[in-house]
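Down below is the structure, laid out as structure tokens.
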There are 2 protein chains.
Amino acid sequence: MSEPTVGSRPTLEAVAARAGVSRATASRVVNGGIGVRAPLVDKVRQAVDELGYVPNHAARTLVTRRNGAVGVLIAEPEFRIFSDPFFERQVRGISRELTVHDCQLVLLWVEGSADRDRVARYLGGGHVDGALAFSLHNDDELPALISRARIPAVFGGRPPAGHDLDIPYVDCDNRGGAREAVRHLCALGRKNIALIAGPRDQTSALDRIDGYHDVLVDADPALLCQGDFTAESGARAMAELLDRRPNVDGVFASNDLMASGALRTLRERGLRVPDDVALVGFDDVGSVAETTEPALTTVRQDIEGMGRLMVRLLMRLLNNTAGDAPASVITPTTLVRRASA
Amino acid sequence: MSEPTVGSRPTLEAVAARAGVSRATASRVVNGGIGVRAPLVDKVRQAVDELGYVPNHAARTLVTRRNGAVGVLIAEPEFRIFSDPFFERQVRGISRELTVHDCQLVLLWVEGSADRDRVARYLGGGHVDGALAFSLHNDDELPALISRARIPAVFGGRPPAGHDLDIPYVDCDNRGGAREAVRHLCALGRKNIALIAGPRDQTSALDRIDGYHDVLVDADPALLCQGDFTAESGARAMAELLDRRPNVDGVFASNDLMASGALRTLRERGLRVPDDVALVGFDDVGSVAETTEPALTTVRQDIEGMGRLMVRLLMRLLNNTAGDAPASVITPTTLVRRASA
DNA sequence: CCGCCCTACGAGAGCGCTCCCAGACCTCAG
DNA sequence: CTGAGGTCTGGGAGCGCTCTCGTAGGGCGG
């Protein structure tokens with residue numbers, strides 16, 4: 001097909017020869033050097049340096065059956081949301097933690113049904129040790145795809161019910177965070193607290209709605225307005241809420257982007273934040289929450305940390321000869337008080 | 001270390017046995033089946049299906065020295081710009097084209113100097129067949145990194161001068177596109193055409209500035225204002241321009257994001273677009289250009305196509321036993337007329 | 001009908017590595 | 001001084017695949 005990537009790289013054999021030891025010993029040194037006496041270790045290390053030896057990954061994988069790569073599955077609708085800083089942060093966390101574990105990130109972008117087959121084959125083909133996936137939508141094909149590939153996996157975000165797979169997930173305490181946000185508005189003395197909800201096909205959005213209702217058990221249904229996690233939808237929802245209930249004095253927006261949109265509408269209508277209407281967001285993505293005017297009071301979730309956690313969970317899954325899956329993790333949220341509430 | 005990913009998958013040997021042929025013949029069938037008679041092909045295919053055979057990638061790589069993976073290098077500043085739809089689109093194009101070539105996308109995120117070593121080792125270690133990188137900043141370490149790893153690579157965007165590496169790149173005709181934009185404003189009869197420029201450390205921004213000057217050879221320097229490709233900077237630049245030269249009647253913003261910011265400022269100042277000020281952007285990212293009010297006249301570059309082109313160039317590089325590097329590609333731009341100019 | 005050539009298939013080596021196992025060596029107690 | 005027990009090291013098999021090469025077999029011209 002083509003030339004080797006680099007003109008014949010040195011093999012372990014060559015290193016061993018140069019160091020005057022056997023291939024087995026050289027291998028031991030390369031893999032940590034335990035059980036090898038110091039002088040030999042040094043000799044091998046030196047040979048490695050001199051020759052610029054880099055282990056052949058394929059050969060190693062062939063025998064160890066591990067390839068040090070993890071697939072990150074992103075389905076089309078999510079990818080479009082890549083512009084959402086949320087994703088960037090989560091992938092960043094994943095990437096960083098994978099580096100720690102000496103693993104590579106293989107981006108698998110599932111775009112259509114044809115891709116679904118391809119990716120399932122790929123996952124099943126042992127190209128990657130495990131998979132990380134974001135399960136955001138009810139109609140998502142990812143859980144099915146993963147179970148088909150029979151590969152260790154971890155989800156980011158609680159998958160919708162209905163999947164009987166025991167795939168662990170990492171999520172933040174959406175419901176608890178929402179409760180905290182709403183309680184905070186209550187504590188400020190707000191009486192007509194509205195909710196700008198996220199899309200109903202995402203568990204995170206549903207959980208935040210539940211949290212709202214936990215606190216405001218018999219909230220006026222007209223105070224709940226639907227958004228889709230975009231700033232634009234937040235602006236629209238806010239307008240609608242103000243039309244329906246002009247006496248709104250508190251708003252919990254299910255994410256910061258929608259909160260920023262709501263803020264815009266409030267400003268356009270000449271309402272002061274937080275004086276007239278107190279506003280709380282969710283996520284605490286710095287690029288949004290800190291730059292609004294006024295800065296957003298919001299529920300922080302440790303997005304990058306969740307990404308890292310996903311990797312750690314997967315690693316535990318991989319190093320786990322017994323079959324017991326580690327439990328899912330719910331990370332805590334914290335209310336970050338800024339100016340908007 | 002751990003269990004095999006899946007309990008002992010079938011090998012080619014097993015397929016061959018079941019089909020009653022030799023391993024060699026089975027291999028031939030799996031790899032396209034040329035030189036094998038139809039009945040045998042069928043038998044092998046059937047065995048593959050029945051056993052659910054999937055080739056072992058590592059074993060194949062070990063002997064072919066190709067691993068069907070391409071590294072996509074993203075340096076930290078770019079990654080932060082992932083929220084820029086530009087990147088999403090380009091990666092999308094790359095991903096799609098890689099699928100066509102049966103290659104995987106390994107995301108390599110270069111974050112610091114420590115990472116630089118790690119990634120260089122990784123690239124040099126033959127884990128990937130080639131690399132794609134985005135060279136946006138003058139101070140970028142990526143070109144050096146790639147030349148160190150001595151691996152076939154293609155850049156997205158013309159790298160800044162000063163690198164004597166013969167790494168081909170794919171870029172759009174930034175200068176020509178800018179010329180077209182400015183000429184269009186001229187054709188509309190605009191006399192005081194301002195430029196909102198992009199950051200000076202990016203070749204694309206510089207080229208667009210050059211294009212502006214190509215048409216407006218002795219433009220008033222006060223009509224040039226610096227931005228950084230964000231909407232916010234566009235808004236600020238527009239404000240500054242209006243303060244400096246209230247008679248501005250045409251603006252070429254070096255990207256759509258800045259154009260959208262400029263639009264906001266113009267609206268706030270009560271100026272009508274395009275009646276008072278005609279505005280042209282660059283990029284034609286739909287999520288921005290089509291949703292502004294009025295919709296943006298802009299210079300379209302085929303971002304996804306450029307991503308695909310990068311992959312094709314790399315593939316040519318890989319299948320190229322002679323050492324002649326394919327030439328870089330400059331893709332054309334087209335002016336898309338909407339409402340803003 | 002015989003021999004030639006071409007095509008289809010199988011045998012086998014080997015890619016670079018890990019890891020099992022046997023043997024060498026050393027230490028120390030008896 | 002000897003042998004048991006431990007620690008290190010090397011030999012060698014084998015991971016699953018591709019690919020070269022040799023051979024068998026069939027078609028066709030002479």
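Atom set for the values below is all heavy atoms of this structure, side chains included, hydrogens, waters and symmetry mates excluded. Everything numeric here is computed off the predicted structure, so don't read it as measured data. Chain identifiers are assigned alphabetically (A, B, ...) following the order of the sequence lines, protein sequences preceding nucleic acid strands; residue numbering begins at 1 within each chain.
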Atom CG of B:L309 and atom CD of B:Q90: how far apart are they, to the nearest 0.5 Å? 10.0 Å

To the nearest angstrom, how far is A:L62 atom CG from D:dG14 atom C1'? 9 Å

Please report, rounded to the nearest Å, how far the C1' atom of C:dG16 is from the CG atom of B:N56. 14 Å

Taking the side chain as everything from C-beta on, heavy atoms only, tell me whether A:I330 gets closer than 4.5 Å to A:Y169. yes

Rounded to the nearest angstrom, tell me the gap between atom CZ in B:R65 and atom P in C:dG14. 14 Å

Rounded to the nearest Å, what distance is computed from the CG atom of residue A:L51 to the C1' atom of nucleotide C:dG16? 15 Å

Roughly, in whole Å, what's the span from CG in B:L12 to P in D:dC17? 5 Å

Between B:E304 and B:R89 (salt bridge meaning N to carboxylate O under 4.0 Å), is one present in this structure? no

Indicate for each nucleotide in nucleotides 4-12 of chain C, in 5' to 3' sequence, whether protein heavy atoms under 4.0 Å reach the base (B), only the sugar-phosphate (S), or nothing (-). ----SBBBB

note: A:E13, atom CD; D:dG12, atom C1'; distance rounded to Å ~ 12 Å

A:R18 CZ to A:D49 CG distance, which is reported to the nearest 0.5 Å: 10.5 Å

Euclidean distance, atom CG of residue A:N67 to atom C1' of C:dT18 [Å, nearest integer]: 15 Å

Could you label the plane-to-plane angle of the A:H127 and A:Y122 rings as parallel, tilted or perpendicular, counting under 30° as parallel and over 60° as perpendicular? parallel

Figure out the CG/P separation between A:N31 and D:dT9, and round it to whole Å. 15 Å

Is the shortest side-chain heavy-atom distance between B:M315 and B:D129 below 4.5 Å? no

